[in-house]
Number of protein chains: 2
Amino acid sequence: MDSSTNGVKPGRATLATIAEAAGVSIATVSKVVNGRQDVSPGTRAMVEDLLRQHYYTGRGGSRQPCVEVVFAGPLAAYSNEVMEGVLQAAAEPGVAIMLSKGRIGSTPTAWALGVAKAGRSAVISVSNEMAEEDATALARAGVPLVVIDPLTPAGADVISVGSTNYFGGISAAEHLLSLGHTRLAYLGGGADAGCNQARWQGFRSTLEAAGHPVTPDRVRHGTFRYAWGVAGGEQLLALESPPTAVFAGSDEIALGLIEACRRRGVRVPEDLSVVGFDDTQLAEICSPPLTVVRQPLREMGSVALRTALRLAAGAAVDSHHVELATSLVVRASSAPPSSSARVP
Amino acid sequence: MDSSTNGVKPGRATLATIAEAAGVSIATVSKVVNGRQDVSPGTRAMVEDLLRQHYYTGRGGSRQPCVEVVFAGPLAAYSNEVMEGVLQAAAEPGVAIMLSKGRIGSTPTAWALGVAKAGRSAVISVSNEMAEEDATALARAGVPLVVIDPLTPAGADVISVGSTNYFGGISAAEHLLSLGHTRLAYLGGGADAGCNQARWQGFRSTLEAAGHPVTPDRVRHGTFRYAWGVAGGEQLLALESPPTAVFAGSDEIALGLIEACRRRGVRVPEDLSVVGFDDTQLAEICSPPLTVVRQPLREMGSVALRTALRLAAGAAVDSHHVELATSLVVRASSAPPSSSARVP
DNA sequence: CTGAAAGCGCTTACAG
DNA sequence: CTGAAAGCGCTTACAG
C-alpha cells in the first residue's frame with residue numbers, strides 16, 4: 001500500500017478538497033486548521049489526518065521551504081562543519097535554513113505546533129538531548145525530524161544520520177599500536193552517549209585482541225567539551241603509570257588534553273601521542289595539528305538535509321539510520337613512544 | 001516631518017487601503033504586488049512607495065518575523081560568537097534567524113527582491129565584502145541592512161556595528177611594551193580592510209611614540225585566515241632579526257603563527273610572545289591559551305539584531321555606526337622576552 | 001458540535 | 001495601461 005498517493009488528488013488541496021474527503025463542511029475544516037475549540041475531538045482528528053495526507057498548505061501555497069536546524073548546546077567547531085554541509089545541500093533546491101536553540105521554556109506540544117505553524121518543512125536536530133517528548137510532539141504536529149549523531153541509539157521511529165563510530169575506535173587503536181604504543185588510554189565524552197560508547201568499544205576490543213588491554217584507571221568518560229579534556233587529561237597524566245598515547249572522544253577533548261600536557265611540561269607527541277575524533281577546523285588549526293578519526297560532518301549535514309526534504313515531500317525513506325564512513329587522518333600529534341617509555 | 005507615521009492609518013493595510021491612497025483601483029495595486037508587467041512605470045513606482053509606507057504585508061498578515069544573517073566566507077569560530085549574540089537577542093522577541101551565504105549566482109536585484117518576497121524583516125551582513133550593489137538593491141527592495149565589522153569604512157548610508165579597533169591596537173602595543181619587548185611585529189589581515197588598518201595604526205602609533213617603531217620588514221598584511229598566519233609567520237621568523245613579539249590581526253592568524261613557531265622549534269611564549277585579536281573560542285582552547293585583544297563579538301551580534309529590528313519597525317536609528325569597546329585578555333601566549341633577546 | 005450564508009481580501013480574464 | 005466584475009479561498013457570527 002502506497003500511502004503517499006493514497007487517494008490524494010493532484011493540485012493544491014483547498015479547504016473544499018478536505019471537506020469533501022472528510023464529509024464535513026468547509027467551515028468545520030477551517031475551524032480545525034485554525035485550532036478553534038468548537039469541534040469534536042473525533043472530527044478534529046479525522047480532519048487533521050486528511051490535511052496531512054493532502055499536504056494542505058493554506059492560501060499562501062508553499063512559501064519558500066524552510067528547514068530548522070536545532071543545536072541545543074553552544075555553537076562550536078563541530079556545528080560549523082555540520083552547518084556547512086546543510087547549507088551546501090540547501091543551496092541548490094533553494095531551501096532556507098533556520099538556526100535555533102530548540103525548545104526553551106515552553107511545552108513540547110506548544111513548541112512543535114509553533115514550528116509547524118511557522119511553516120517549517122522539517123527539523124534537523126544535531127547531536128543533542130532532544131527529549132522523547134519533543135520528537136513525539138513534532139511527529140504529532142506533522143513535522144518530519146532527522147537527528148544527526150544521536151546521543152541515544154536510534155529509536156525505532158527516529159530517522160538519524162551518524163558515522164561508523166565503532167570502526168573509528170578500531171582505527172585509532174590500530175594507528176597507535178602500529179606506532180608501538182602499549183600503554184593506552186581513552187578520554188571519552190558523555191558516558192551515556194551512544195557514539196561515545198561505540199568509539200570506546202571499538203578502541204577497547206582492538207587493544208584487548210592485541211594483548212594490550214586498557215586498564216580501568218586509563219578510561220574516563222565525561223563530556224565532549226574542552227573543559228573536560230583539561231580536567232580528565234590531568235587525571236590521566238597524574239597516574240602512577242601514565243599512558244603514552246590517548247584516544248580522545250572529540251577534538252575539543254583532545255585540545256583540553258594537550259593543554260593539560262602543556263601545564264605539566266609533557267610534550268606532544270614526543271612524550272604523549274594524542275588522537276582526536278571529528279576532524280573539525282580545530283584539528284587543523286591547533287598546534288601540533290591533530291591526528292584524528294575523521295567523521296564526515298559536512299556530508300552528514302548534507303545527507304540530513306536531503307533526507308529531511310524527502311520526508312517533507314512525503315516520500316518514504318529506505319533506511320532509518322544512515323551511517324557514513326570514518327577515516328583516519330594522521331597529522332603531527334601522534335608519534336612512536338619515546339625510548340624511555342617504550343622500555344619500561 | 002515624521003515620515004514613519006505620515007498618513008498611515010492604523011490597522012493592517014489591505015489592497016483597498018493602498019488603492020485609495022494611490023487613487024487607483026484595487027486591481028492595479030494587486031498587479032504591482034504580483035510584479036505583473038501591465039502597469040505603467042509611474043503608477044508602479046507610486047504604488048510601491050505606498051505599499052512600503054503602509055507596511056503592506058499581504059493576507060497572511062505578519063508571519064513570524066525573520067532576519068537573515070549572511071556570512072560570505074566559511075563559518076568559523078568568529079561566526080559562532082556573532083551568531084550566539086544574534087540568537088540570544090532574537091530569542092526574547094521570538095524572531096527567527098536564517099543563515100545564508102548571501103547572493104550566489106544571481107543578480108543583486110533578483111537576490112534582493114527574493115529576500116523581500118520571502119518576507120525577511122532585515123538582513124545582517126557579517127564581516128564580508130557585500131558589494132555596494134547588493135546593499136543598494138536591498139535598500140531599493142525595502143529591506144533594512146546592518147553590517148557587522150565592515151571591511152570598508154562605514155559608508156554614509158550603511159548602518160554598521162564594530163569595535164574600537166584602533167584602541168585595540170594601542171592596548172596590544174602597551175601590553176607588549178610593558179613586558180619589555182622592543183622588537184615587535186604586526187601580522188595583519190586584509191590590507192584593505194578598515195578594521196585591519198585601524199588595528200595596525202593603533203599598534204604602530206603607540207610603538208613609535210615609545211621609541212620602538214615597527215620596521216617595515218616586520219609588517220605583513222594578508223588575510224584573516226589561519227593559512228596566512230602560517231605563511232606570514234614563517235616570513236617573520238625567517239627575518240635576520242626576528243621579532244620577540246607579534247600582534248596578529250585575528251585569532252586564526254595567531255594560531256597559524258604559533259604553528260609556524262612549532263615547525264621551527266620556536267617556543268611560545270618563551271621565545272616569542274603572541275597577541276591575537278577577537279577572543280573567539282579558539283583563543284581559550286589553543287595551547288598555549290592566547291593573550292588577545294577581545295572584541296565583544298556576541299554583543300556586536302546582539303546589537304546588530306536589535307538595530308535590524310528597529311529599522312524593520314520603521315524607527316529611526318540614532319547612530320549610523322555603533323562601536324563597542326575592546327579589552328585586553330592576558331593568557332599564556334605572552335611573556336617577557338627571554339634574556340638572550342632582551343640583551344641583543 | 002455543525003454548517004448555511006454573508007462577507008473579506010485577493011486575483012484575473014476581459015472590455016475599453 | 002486601467003478598472004469593473006466575476007469568482008476563489010477563507011473566516012466567522014449565528015441559527016439550529
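Below, chain A is the first sequence line, B the second, and so on; all start at residue 1.
- Salt-bridge formation is not detected for the pair E48(A)/R140(A): no Lys NZ or Arg NE/NH1/NH2 atom is positioned less than 4.0 Å from an Asp or Glu carboxylate oxygen.
- Between L51(B) atom CG and dC10(C) atom C1' there is a gap of 13 Å when expressed in whole angstrom units.
- Distance from the side chain of R36(A) is smallest for dT12(D) among the nucleotides dT12(D), dC1(C), dC1(D).
- In this view, R298(A) and E81(A) satisfy the salt bridge (charged side-chain N to carboxylate O under 4.0 Å, His left out) rule, not counting sequence neighbours.
- The interatomic distance linking L15(A) (CG) with dG7(D) (P) rounds to 20 Å, in whole Å.
- Here the side chain of R44(A) pairs no donor or acceptor atom with the backbone of D38(A) at under 3.5 angstrom.
- Within the 4.5 Å cutoff, the side chain of S30(B) has no heavy atoms near those of the V33(B) side chain.
- A salt bridge links E84(B) with K101(A): the distance from a Lys NZ or Arg NE/NH1/NH2 to an Asp or Glu carboxylate oxygen falls below 4.0 Å.
- Here L311(B) pairs with P144(B), V146(B), I159(B), T307(B), V317(B) under the side-chain contact (heavy atoms from CB on, under 4.5 Å) rule; sequence neighbours left out.
- Close to dT11(C), at under 4.0 Å from its OP1 or OP2, lies a side-chain N or O of S30(B).
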Donor-acceptor pairs under 3.5 angstrom involving side-chain atoms of residues 86-95 of chain A: please list them, not counting sequence neighbours.
none

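- Residue Y56(A) places none of its side-chain N or O atoms closer than 4.0 Å to OP1 or OP2 of dG9(D).
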What dot-bracket string describes DNA chain D from 5' to 3', counting Watson-Crick and G-U wobble pairs whose defining distances are under 3.5 Å, with [ ] for crossing pairs and | for pairs to another strand? |||.||||||||.|||
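- Q37(A) places its CD atom 14 Å from the P atom of dT12(D), with the value rounded to the nearest Å.
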Pairwise N/O distances under 3.5 Å, protein to nucleotides 2-4 of chain D:
{"from": "dT2(D)", "atom 1": "OP1", "to": "S40(B)", "atom 2": "OG", "distance (Å)": "3.4"}
{"from": "dT2(D)", "atom 1": "OP1", "to": "T43(B)", "atom 2": "OG1", "distance (Å)": "2.7"}
{"from": "dT2(D)", "atom 1": "OP2", "to": "S40(B)", "atom 2": "N", "distance (Å)": "3.1"}
{"from": "dG3(D)", "atom 1": "OP2", "to": "S25(B)", "atom 2": "N", "distance (Å)": "3.1"}
{"from": "dG3(D)", "atom 1": "OP2", "to": "S25(B)", "atom 2": "OG", "distance (Å)": "3.4"}
{"from": "dG3(D)", "atom 1": "OP2", "to": "T28(B)", "atom 2": "OG1", "distance (Å)": "3.0"}
{"from": "dG3(D)", "atom 1": "N7", "to": "K31(B)", "atom 2": "NZ", "distance (Å)": "3.4"}
{"from": "dG3(D)", "atom 1": "O6", "to": "K31(B)", "atom 2": "NZ", "distance (Å)": "2.7"}

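- Residue pairs meeting the salt bridge (charged side-chain N to carboxylate O under 4.0 Å, His left out) criterion with at least one partner in residues 103-112 of chain A, sequence neighbours excluded, are R103(A)-D134(A).
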